[in-house]
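Written out below as structure tokens is the structure these notes cover.
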Amino acid sequence: MGRDTIADIITSIRNADMNRKRTVRIASTNITENIVKILLREGFIQNVRKHQEGNKSLLVLTLQYGRNRRRNRKGPYRNTLYLKRISRPSLRIYSNSQGIPRILGGIGLVILSTSRGLMTDREARREGVGGEILCYIW
């Protein structure tokens, strides 16, 4: 039985955001590195470091928080990062370039796995390619 690495990194980032953690450590694979590059480029995370621990390679992510966030703020905490896994190993979801969904009218982000590699929904529409919808981020 294999592990779903994409769901693992999404869950790790979501849990760290809910618990107000600044850093997240995730296993480094080709697909996780590509997803992290997209998140870094789009401004959802602040910094990425590659860390070697024994024979394991890890990515250490520093989460991006808004300027209006203060550590000693009282009151209920509201997530600023929403991540949702769409295509799973048991149920793959594919879309052509015209059928790629727009999240919050284009404010959100869709990460797709295409024949040209991982890319965002905007890049896939611009290049006219479709693929497997991995996750939504807003």
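- For the pair Q46 and L63, the minimum side-chain heavy-atom distance is 4.5 Å or more.
- The minimum heavy-atom distance linking G128 with S97 is given by the pair C-CB, 3.7 Å.
- To the nearest 0.5 angstrom, T120 atom OG1 is 5.5 Å from E42 atom CD.
- Residue L39 holds its CG atom at 7.0 Å from SG of C135, rounded to the nearest 0.5 Å.
- Hydrophobic side-chain contacts under 4.5 Å tie V129 into a cluster, directly or through other members, with M119.
- In this structure, A16 and V24 approach most closely via the heavy-atom pair CB-CG2, 3.3 Å.
- Between the side chain of R125 and the backbone N or O of I100 there is at least one donor-acceptor pair closer than 3.5 Å.
- The CD1 atom of I86 sits 7.5 Å away from atom CD1 of I133, with the distance rounded to the nearest 0.5 Å.
- Here the closest heavy-atom approach between residue K50 and residue S28 is recorded as CE-OG, 3.6 Å.
- L118 CG to I6 CD1: the interatomic distance, rounded to the nearest 0.5 Å, is 7.0 Å.
- Looking at heavy atoms from C-beta onward, I137 lies in side-chain contact with L81 at the 4.5 angstrom threshold.
- Looking at N34 and K37, their side chains come closer than 4.5 Å, going by heavy atoms from C-beta outward.
- The minimum heavy-atom distance between P89 and R85, with the atom names listed, is CD-NH2, 4.2 Å.
- Each ring pair (Phe, Tyr, Trp, His ring centres under 6.0 Å) pair with one or both residues in residues 106-138, not counting sequence neighbours, appears once here: Y82-W138.
- In the hydrophobic clustering of this structure, F44 groups with I31; members are Ile, Leu, Val, Met, Phe, Trp, Tyr whose side-chain heavy atoms approach within less than 4.5 Å, directly or through other members.
- Between the CD1 atom in I13 and the CE atom in M18 there is a gap of 12.5 Å [rounded to 0.5 Å].
- Within the 4.5 Å cutoff, the side chain of L59 has no heavy atoms near those of the I9 side chain.
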What pairs of donor and acceptor atoms, side-chain ones from residues 107-116 against any protein atom, are under 3.5 angstrom apart with sequence neighbours left out?
{"unit_1": "T114", "atom_1": "OG1", "unit_2": "R116", "atom_2": "N", "d": "3.2"}
{"unit_1": "T114", "atom_1": "OG1", "unit_2": "G117", "atom_2": "N", "d": "3.4"}
{"unit_1": "T114", "atom_1": "OG1", "unit_2": "G117", "atom_2": "O", "d": "2.7"}
{"unit_1": "R116", "atom_1": "NH1", "unit_2": "E127", "atom_2": "OE1", "d": "2.9"}

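- Inter-residue side-chain proximity for T62 and R22 is flagged as met; some heavy-atom pair is nearer than 4.5 Å.
- Sparse packing is recorded around CZ of R102, with 12 or fewer heavy atoms of other residues, nucleotides or ligands lying under 6.0 Å away.
- Distance check: L58 CG to R49 CZ gives 10.5 Å after rounding to the nearest 0.5 Å.
- Atom CZ of R122 sits in a crowded spot, with more than 12 heavy atoms from other residues, nucleotides or ligands closer than 6.0 Å.
- In this structure a side-chain-to-backbone donor-acceptor pair under 3.5 Å is missing from T32 to T5.
- Residues I26 and V36 have side chains in contact (heavy-atom distance under 4.5 Å, counting atoms from C-beta outward).
- Two residues are said to be in side-chain contact when any heavy atoms from C-beta on lie closer than 4.5 Å; L134 and E132 meet this criterion.
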